[in-house]
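These values consider heavy atoms only, across backbone and side chains, with no hydrogens, waters or symmetry-generated copies.
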Amino acid sequence: MTAIPGNPPSVSVVVPVYNSERTLEPLIDSLLALDYPRECVEFILVDNGSTDGTAAILARFAERIHRVVEPKRGRSAARNRGIAEARHDLVAFTDADCVPHPMWLRHLLPPLLEPGVGISGGRIKAVEPCNAIAKFGEFVRDH
């Protein structure tokens with residue numbers, strides 16, 4: 001891992017969510033457990049018109065995450081709304097069915113501190129146990 005010189009940069013983490021009650025708590029737990037200074041990260045979860053228990057789950061974490069509602073449907077609209085709400089220049093994206101590794105931001109951000117680098121990504125692994133299609137997706141979506 002490349003070290004982040006000096007103070008870690010501040011980052012806004014944007015997550016579009018839609019009817020995500022089944023996967024939302026593991027996601028939020030993983031975000032809150034990231035190995036990154038709390039004062040350097042904000043979490044923006046953009047509810048894209050959920051009709052299940054998503055809003056209630058987000059409300060339980062209201063002290064640690066910022067919930068935004070975007071009525072225009074679609075992941076792109078939700079991400080754009082998250083960017084508009086972001087307080088920091090660096091923005092990291094994940095999805096509501098993901099569980100980021102505790103070191104995710106520490107690995108993702110250092111390349112962005114290099115001149116001329118505008119995007120950074122990493123490997124996406126299926127959450128175990130998973131089916132053969134999800135496992136195959138690891139190779140199709142490898143960033």
Side-chain angles (χ1 to χ4, degrees), residues 1-70 72-114 117-143:
M1 175 181 84
T2 305
I4 297 176
N7 294 329
S10 295
V11 60
S12 299
V13 175
V14 173
V15 185
V17 297
Y18 175 73
N19 287 346
S20 303
E21 68 181 356
R22 186 179 59 79
T23 61
L24 199 51
E25 286 189 62
L27 163 75
I28 294 172
D29 289 343
S30 70
L31 292 177
L32 298 178
L34 287 173
D35 179 15
Y36 208 78
R38 179 67 186 111
E39 66 276 8
C40 295
V41 63
E42 71 170 335
F43 303 110
I44 304 168
L45 280 78
V46 184
D47 189 345
N48 204 207
S50 297
T51 58
D52 65 355
T54 294
I57 294 169
L58 292 172
R60 289 201 327 260
F61 292 94
E63 291 184 19
R64 303 286 305 275
I65 64 169
H66 179 56
R67 175 182 179 249
V68 177
V69 175
E70 173 53 57
K72 183 178 179 185
R73 288 289 175 91
R75 194 173 303 201
S76 296
R79 285 187 178 137
N80 287 337
R81 177 61 185 270
I83 292 169
E85 296 285 329
R87 293 182 297 137
H88 306 299
D89 291 336
L90 294 178
V91 178
F93 296 102
T94 191
D95 289 318
D97 61 347
C98 293
V99 177
H101 186 278
M103 299 294 287
W104 174 54
L105 291 176
R106 291 202 181 267
H107 287 277
L108 183 72
L109 298 179
L112 297 175
L113 302 178
E114 299 292 326
V117 175
I119 191 168
S120 176
R123 184 161 194 165
I124 300 171
K125 295 178 71 176
V127 175
E128 299 285 346
C130 65
N131 62 29
I133 294 171
K135 197 69 171 168
F136 177 72
E138 289 182 359
F139 299 103
V140 175
R141 297 181 303 230
D142 190 11
H143 294 87

Q. Can you pull the salt bridge (Lys or Arg N to Asp or Glu O under 4.0 Å) pairs that have at least one residue in residues 26-38, sequence neighbours excluded?
A.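 Qualifying pairs, neighbours excluded: D35-R106.
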About how many Å separate [atom2] of [Y] and [atom1] of [X], when rounded to the nearest 0.5 Å?
X: F61; Y: L24; atom1: CZ; atom2: CG; result: 7.5 Å
X: S30; Y: H101; atom1: OG; atom2: NE2; result: 11.0 Å
X: I65; Y: L45; atom1: CD1; atom2: CG; result: 4.5 Å

Tell me, please, which residues at least two apart from [X] pass side chain to side chain donor-acceptor pair (under 3.5 Å).
X: E70; result: none
X: S50; result: D47
X: R60; result: E25
X: D52; result: T54

Minimum heavy-atom separation for [X] to [Y], with atom names?
X: A92; Y: L105; result: CB-CD2, 3.9 Å
X: P100; Y: T94; result: CG-OG1, 4.0 Å
X: A78; Y: V46; result: O-CG2, 3.5 Å
X: A96; Y: T23; result: O-OG1, 2.8 Å
X: G118; Y: L112; result: C-CD2, 3.8 Å
X: F93; Y: W104; result: O-CZ2, 3.5 Å

So [Y] and [X], do their side chains get closer than 4.5 Å, heavy atoms only?
X: P9; Y: L109; value: yes
X: V17; Y: L58; value: yes
X: P26; Y: V99; value: yes
X: D97; Y: L27; value: no

**Q.** Partner residues of R75 under the salt bridge (Lys or Arg N to Asp or Glu O under 4.0 Å) criterion, sequence neighbours left out
**A.**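 In terms of salt bridge (Lys or Arg N to Asp or Glu O under 4.0 Å), with neighbours along the sequence ignored, R75 is linked to D95.
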Q. Looking at residues at least two apart in the chain, or sitting in another chain, which of them share a side chain to side chain contact (heavy atoms under 4.5 Å, CB included) with P102?
A.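 Per chain and number, P102 pairs via side chain to side chain contact (heavy atoms under 4.5 Å, CB included) with no residue.
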Q. For R22, what residues pass the side chain to side chain contact (heavy atoms under 4.5 Å, CB included) criterion, not counting sequence neighbours?
A.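 R22 satisfies side chain to side chain contact (heavy atoms under 4.5 Å, CB included) with no other residue.
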(Q) For the backbone of Y18 and the side chain of S20, can you confirm whether one donor and one acceptor N or O come within less than 3.5 Å of each other? (A)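 Yes; judged by distance alone, with no hydrogens or angles, the pair exists.
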Just list the side-chain donor-acceptor pairs under 3.5 Å for residues 81-90, sequence neighbours left out, or say none.
from	atom 1	to	atom 2	distance (Å)
R81	NE	E85	OE2	3.2
R81	NH1	V69	O	3.0
R81	NH2	E85	OE2	3.4
R87	NE	E42	OE1	3.0

Q) Hey, which of L31, I28, I44 is the one that makes side-chain contact (heavy atoms from CB on, under 4.5 Å) with V15? A)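 So the option named by the test is L31.
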